[in-house]
Amino acid sequence: LIDATDPFGNGHLLPRGPLRESAGQLARADASILTRFSTNGSGDRILGFLKEEFPGIPVFCADHLPDSIVFPHSDEVRKPALLKGRRVAAFAGIARPEAFRNTLIRLGADIVSFRGFKDHYQFRQDDIRELIQMKERSGAQYLLTTEKDWIRMASLSPVCPDLAYLCVKFAILPGQKEDFFRIIKACIGQG
């Protein structure tokens, strides 16, 4: 998996950079998947690079698509279109919180307050109370986070009916699914 918006970061391995392996290790791959391919239009450049540098390795393109909004305290699930024109306070503790913010903006949300936390942030009870207060002070209708963040904070969260998380689905772009699943089946001996 290669993030098309920032494929190789600063070129360094963890902990100095974001890479888990050097880019040269792509030669071992059976296939590559460019994630967030359509997010900012930078995908075509990395796609060209991969096809030139690793010509025998198939490359697939995928996106993270908003799928639903879950209100965990009421078990209500709504379509992302719910956010269009709504005042939203949001927060995220992921690698790039601004990516979440931009997703909400693309969905038409009016972001009235936003707070980013470091990746894998371990939320505390005080954080949750402050976020709810942030929502109330800003006059937001909803307090939104990512599904990944909700999982880390669910046990701490007081009942807040306007607290919700955005679920995203990972989707191979149309026209590539058959080839992608053909490779998967071949690798597991069903092809």
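Computation of the quantities below employed the complete heavy-atom set of this structure, encompassing side-chain atoms and omitting hydrogens, waters and symmetry-equivalent molecules. Since the structure is predicted, the reported quantities are computational estimates derived from the model, not experimental observations.
- By the 4.5 Å heavy-atom criterion applied to side chains, K135 and Q141 are not counted as neighbours.
- Sorted by first then second residue, the ring-ring contact (aromatic ring centres under 6.0 Å, His included) pairs that include residues 76-101, not counting sequence neighbours, are F91-F123.
- When atom types are taken as modelled, the side chain of D67 and the backbone of C167 share no donor-acceptor pair closer than 3.5 angstrom.
- Note that the CD atom of Q125 and the CG atom of D127 stand 9.5 Å from one another [nearest 0.5 Å].
- Under the 3.5 Å distance criterion, with hydrogens and angles disregarded, a donor-acceptor pair is assigned to the side chains of Y142 and R86.
- In plain terms, the two heavy atoms of T145 and A92 that are nearest each other are OG1-CA, 4.4 Å.
- For the pair Q176 (side chain) and C61 (backbone), a donor-acceptor distance under 3.5 Å is present.
- Using a cutoff of 4.0 Å between basic side-chain nitrogens and carboxylate oxygens, K169 and D63 are not scored as salt-bridged.
- Cluster partners of V112 are absent, since no Ile, Leu, Val, Met, Phe, Trp or Tyr has side-chain heavy atoms less than 4.5 Å from it.
- Note: R36 CZ to I2 CD1 = 13.5 Å, rounded to the nearest 0.5 Å.
- Annotation: side chain to side chain donor-acceptor pair (under 3.5 Å) contacts involving residues 14-24, sequence neighbours excluded, comprise H12-R16, E21-R28.
- A salt bridge does not link K84 to D110: none of the charged nitrogens lies less than 4.0 Å from a carboxylate oxygen.
- Side chain of R87 to main chain of G139: a donor-acceptor pair is present (N/O by atom type, distance under 3.5 Å, no hydrogens or angles).
- Contact check for M153 versus L163: side-chain heavy atoms found under the 4.5 Å cut-off.
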